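Presented below is the structure to which this report refers.
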Amino acid sequence: MHVLKVAWLALVLLAGGSLARGTAAGVALEDKPFGNAAEYEAIKAVTFSTDSRHLAFLGVKDDKQFIVRDGVSSAPYDWVVPGSLAGPMDLSRLAFIIQDGNDMAVVVDGKVVGHGYYAIGGDRIYFSPDGKHYAYTAHRGSSDQGDAIVVRDGVAGKPYPAADIQPVFSPDGNHLMYIASPAPKKMCLVVDEKEGPTYDAIAGGTPTFSPDSKRVAYAAASGGKVLAVVDGKTSSPYERMRMPPGFGPDSVRVAYIAGNGSQYSLVLDGVEGPKFELFTEGSVMFSPDGKHLAYAARRGKQWVMMLDGKEQRTFDAVAGESIRFSPDSQHLAYVGITGDKRYIILDGKEASAAYPNILWPGPVFSPDSKRIAFAGTNEKQLVVVADGKESPAYDNVAEIAFSPDSKHLSYRALGQGHAMIVIDGQASPPFDNTTSLTYSPDGSHWAYCASQGDKAMIMMDGSDAGRTYTGWVKGARPVFADAATADFLMVKDHQFVQVQARVAGGPSRK
């Protein structure tokens with residue numbers, strides 16, 4: 001779920017101009033009203049589901065505030081914290097914070113479940129990935145006078161002098177953890193209301209569950225040293241930790257970067273690797289199957305690319321965040337830098353010509369692991385390179401993506417002040433703006449929104465679906481519900497509208 005903070009309408013409003021375009025044949029559009037913004041004096045916040053099927057907003061009129069969800073208004077409230085609208089990714093549930101007299105209260109699914117608090121930590125309620133559970137940190141009194149309590153599904157936990165403002169759910173939603181301070185200058189990790197060992201400090205943001213939700217790891221400090229804590233067991237003490245412990249995709253392997261003095265090692269499953277002076281940020285990468293691990297580190301003036309504990313190649317630099325394994329875990333690609341030249345390195349060999357610069361995120365693999373694409377600079381413009389062939393040059397490109405069947409490549413491009421969608425090297429007509437492009441699950445169809453002048457349109461398979469709108473909800477993108485049906489969140493004359501677009505011959509969504 002996305003949350004947007006806006007002064008009035010979270011939408012793209014358009015003005016002036018016209019566009020000649022083709023119209024898609026056989027696309028059925030069904031509009032569903034989700035609330036009229038014009039009925040309110042102000043719209044203070046909008047949130048929507050990631051599948052573009054649900055939307056809620058906070059509207060103000062006559063000194064009262066209302067939550068409108070999929071077009072249905074709540075009872076009036078005196079005050080709703082604008083940034084507090086929250087829910088699971090599908091927005092199947094909705095929560096927010098209200099002013100209840102002189103106190104704060106939490107509303108979940110239309111019911112007040114907690115009240116009498118001085119504040120709610122971060123003005124946020126957090127939901128488990130499956131949407132079944134929620135949690136938040138509440139404060140009784142100011143931070144230096146009251147208690148901090150983590151509330152899970154409406155049940156308050158043990159009060160502490162201080163607690164993390166963001167409790168964390170496990171991937172399966174069955175467990176909850178947070179950092180608490182049981183005494184001055186002491187911290188512990190609380191998992192399902194059970195306190196772990198106490199340390200001088202626990203690094204915020206480091207506690208993490210394994211992908212299978214069965215294990216926990218974090219970074220802690222004790223006696224002036226830093227420790228990796230995995231399943232309640234501590235590592236050897238280090239002077240510094242450059243990367244906290246994290247789990248591989250298989251939930252078995254654990255890696256972190258720590259060291260003493262000016263030397264650091266990647267520690268994998270408790271075993272220290274070679275010593276280096278520096279690691280690039282974001283450079284440690286597990287393969288999707290969890291069997292391989294790659295990273296880049298500096299020794300002297302050279303950067304070394306490491307794979308499964310063995311040195312591969314040295315460079316003047318390696319773009320750490322460019323390190324990618326293929327989806328099948330059989331190939332490793334990254335951006336290697338020698339002098340002023342940058343290359344795509346695939347399985348240890350140059351897989352591209354040299355470019356003055358290669359854009360983030362570097363190499364992009366196709367789902368079948370057989371193709372690679374990237375964006376590089378060509379003089380003062382950018383080109384997308386796929387299968388060794390350069391596209392026409394543009395002022396900017398973004399969101400390079402292969403279709404699920406790996407047959408198509410798309411990206412957004414900007415040239416001469418116009419926005420375009422490029423698919424398989426063919427550019428769309430120039431627009432003022434576009435959303436991201438989305439493919440159907442089988443890769444046979446694609447959808448995006450485009451605007452020109454005062455019109456916004458739904459584009460299916462590169463053609464206008466035949467109905468114009470005022471704009472689209474800012475940040476939203478079309479999402480395919482099945483192979484032939486896409487959902488959009490649009491705006492028409494200040495009315496929020498959920499649109500279902502179905503390609504001819506496709507089954508109707510139930």
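The model shown is predicted, which means the values in this text are computed figures rather than measured ones. The chain is numbered in sequence order, starting from 1.
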Original post:
Once you round to the nearest 0.5 Å, how far does CD1 of Ile345 lie from OG of Ser352?
Top reply: 7.0 Å
**OP:** Working to the nearest 0.5 Å, report the span between OG of Ser283 and OH of Tyr334.
**Re:** 12.0 Å
Subject >> Gly87 to Leu91 - nearest heavy-atom pair and separation >> reply: CA-CD1, 4.3 Å
Original post:
Are Asp308 and Lys291 close enough, and set up right, to give a salt bridge (Lys or Arg N to Asp or Glu O under 4.0 Å), and what steps lead you there?
Top reply: CA-CA 9 Å; Asp308 296 335; Lys291 296 180 180 180; over 6 Å; no
Subject >> Atom of Gly83, atom of Arg124 and distance for their closest heavy-atom approach >> reply: O-NH1, 3.2 Å
Original post:
Is there a salt bridge (Lys or Arg N to Asp or Glu O under 4.0 Å) between Glu311 and Arg299 once you walk through the steps?
Top reply: CA-CA 12 Å; Glu311 296 186 10; Arg299 180 185 293 137; 2.7 Å; yes
**OP:** Determine whether the side chains of His175 and Asp192 contain a donor N or O and an acceptor N or O closer than 3.5 Å.
**Re:** yes
**OP:** Using a strict 4.0 Å threshold on nitrogen-to-oxygen distance, state whether Arg412 and Glu399 make a salt bridge.
**Re:** yes
Original post:
Considering only heavy atoms from C-beta outward, does the side chain of Phe374 approach that of Val384 to under 4.5 Å?
Top reply: no
**OP:** Apply the test side chain to side chain contact (heavy atoms under 4.5 Å, CB included) to residues Val216 and Leu189: give CA-CA distance (whole Å), side-chain angles for both, the deciding distance (0.1 Å), then the verdict.
**Re:** CA-CA 10 Å; Val216 172; Leu189 188 69; 3.5 Å; yes
Original post:
Which pair of heavy atoms, one from Phe496 and one from Val473, lies closest together, and at what distance?
Top reply: CD2-CG2, 3.8 Å
**OP:** Evaluate the ring planes of His331 and Phe365, with Trp represented by its six-membered ring, and classify them as parallel (under 30°), tilted (30 to 60°) or perpendicular (over 60°).
**Re:** parallel
Original post:
Do Phe325 and Phe286 have ring centroids that are under 6.0 Å from one another?
Top reply: no
**OP:** Measure the shortest side-chain to side-chain distance between Val284 and Met243 over non-hydrogen atoms and say whether it is less than 4.5 angstrom.
**Re:** yes
Subject >> Donor-acceptor pair, side chain of Ser74 and main chain of Ile67, under 3.5 angstrom >> reply: yes
**OP:** Would you check if the side chain of Glu239 reaches a backbone N or O of Gly259 as a donor-acceptor pair within less than 3.5 Å?
**Re:** no
**OP:** Say whether, by atom type as modelled, one donor and one acceptor occur between the side chain of Arg140 and the main chain of Ile149 under 3.5 angstrom.
**Re:** no
**OP:** Kindly give the heavy-atom pair with the smallest separation between Met177 and Thr208, and that separation in Å.
**Re:** CE-N, 3.3 Å
Subject >> Lys61 NZ: over 12 foreign heavy atoms closer than 6.0 Å >> reply: yes
Subject >> Residue pair Pro82 / Ala45: nearest heavy atoms and the distance that separates them >> reply: O-CB, 3.2 Å
Subject >> Ser73 side chain reached by Phe66 side chain, heavy atoms, under 4.5 Å >> reply: yes
**OP:** Apply the test side-chain hydrogen bond (donor to acceptor under 3.5 Å, both in side chains) to residues Asp487 and Gln498: give CA-CA distance (whole Å), side-chain angles for both, the deciding distance (0.1 Å), then the verdict.
**Re:** CA-CA 7 Å; Asp487 291 296; Gln498 199 273 340; 2.9 Å; yes
**OP:** Calculate, to the nearest 0.5 Å, the distance between atoms CG and OG belonging to Asp130 and Ser92 respectively.
**Re:** 9.0 Å
Original post:
So how far is it from Asp316 CG to Lys341 NZ, rounded to the nearest 0.5 Å?
Top reply: 12.0 Å
Subject >> Side-chain donor/acceptor of Arg215 to backbone N/O of Asp231, under 3.5 Å >> reply: no
Original post:
Okay, side chain of Ser406, backbone of Ser366: is any donor-acceptor separation there less than 3.5 Å?
Top reply: no
Original post:
What is the minimum heavy-atom distance between Tyr264 and Glu277, and which atoms define it?
Top reply: CD1-O, 3.7 Å
Subject >> Donor-acceptor contact below 3.5 Å, side chain Ser287 vs main chain His292 >> reply: yes
Subject >> Flag side-chain contact, heavy atom, 4.5 Å: Ile344 against Glu350 >> reply: no
Original post:
Can you check side chain to side chain contact (heavy atoms under 4.5 Å, CB included) on Thr198 and Met187, steps first, answer last?
Top reply: CA-CA 5 Å; Thr198 299; Met187 293 183 180; over 6 Å; no
Original post:
Just how far is it from atom CD of Gln263 to atom CZ of Arg240, taken to the nearest 0.5 Å?
Top reply: 11.5 Å
Original post:
Taking Asp347 for the side chain and Leu332 for the main chain, is one N or O donor matched with an acceptor at less than 3.5 Å?
Top reply: yes
**OP:** Quick one: do Phe480 and Tyr439 satisfy ring pair (Phe, Tyr, Trp, His ring centres under 6.0 Å)? Show the steps, please.
**Re:** CA-CA 7 Å; Phe480 276 87; Tyr439 289 103; 8.6 Å; no
Original post:
Counting only heavy atoms not in Asp269, do more than 12 fall under 6.0 Å of its CG?
Top reply: yes
Subject >> Close side-chain approach of Val318 to Ile337, heavy-atom, < 4.5 Å >> reply: no
Original post:
Below 4.0 angstrom, N of the basic side chain to O of the carboxylate: do Lys185 and Asp200 qualify?
Top reply: no
Subject >> Crowding at NZ, Lys32 (>12 non-hydrogen neighbours, <6.0 Å) >> reply: no
Original post:
Which value, rounded to the nearest 0.5 Å, describes the distance between Ile98 atom CD1 and Met104 atom CE?
Top reply: 8.5 Å
Subject >> Residues Glu195 and Lys158 bridged, charged N to O under 4.0 Å >> reply: yes
Subject >> Phe57/Tyr40 under ring pair (Phe, Tyr, Trp, His ring centres under 6.0 Å): CA gap, chis, key distance, verdict >> reply: CA-CA 11 Å; Phe57 66 86; Tyr40 298 89; 5.8 Å; yes
Original post:
So, the side chain of Asp70 versus the backbone of Leu55: is there a donor-acceptor pair under 3.5 Å, distance only?
Top reply: yes
Subject >> Ring geometry between Tyr134 and Phe127 (parallel below 30°, tilted from 30 to 60°, perpendicular above 60°) >> reply: tilted
**OP:** Please confirm whether the backbone N or O of Ala219 pairs with a side-chain atom of Thr206, one donor and one acceptor, at under 3.5 Å?
**Re:** yes
Subject >> Steps toward side chain to side chain contact (heavy atoms under 4.5 Å, CB included) verdict (Glu41, Asp62) >> reply: CA-CA 8 Å; Glu41 299 160 11; Asp62 300 330; 3.8 Å; yes
Original post:
Under 3.5 Å, is there a donor-acceptor pair between the side chain of Ser213 and the main chain of Asp172?
Top reply: yes
Original post:
Does some side-chain heavy atom of Tyr199 sit less than 4.5 Å from a side-chain heavy atom of Thr234?
Top reply: yes
**OP:** Answer whether the closest heavy-atom distance between the side chains of Ile97 and Tyr136 falls below 4.5 Å.
**Re:** no
Original post:
With under 30° as parallel and over 60° as perpendicular, where do the rings of Phe96 and Tyr77 fit, or are they tilted in between?
Top reply: perpendicular
Original post:
Looking at side-chain heavy atoms only, is the closest gap between Tyr343 and Val335 below 4.5 Å?
Top reply: no
**OP:** Mind running side chain to side chain contact (heavy atoms under 4.5 Å, CB included) on Ile372 and Leu346 for me, showing each step along the way?
**Re:** CA-CA 9 Å; Ile372 282 183; Leu346 175 64; 3.7 Å; yes
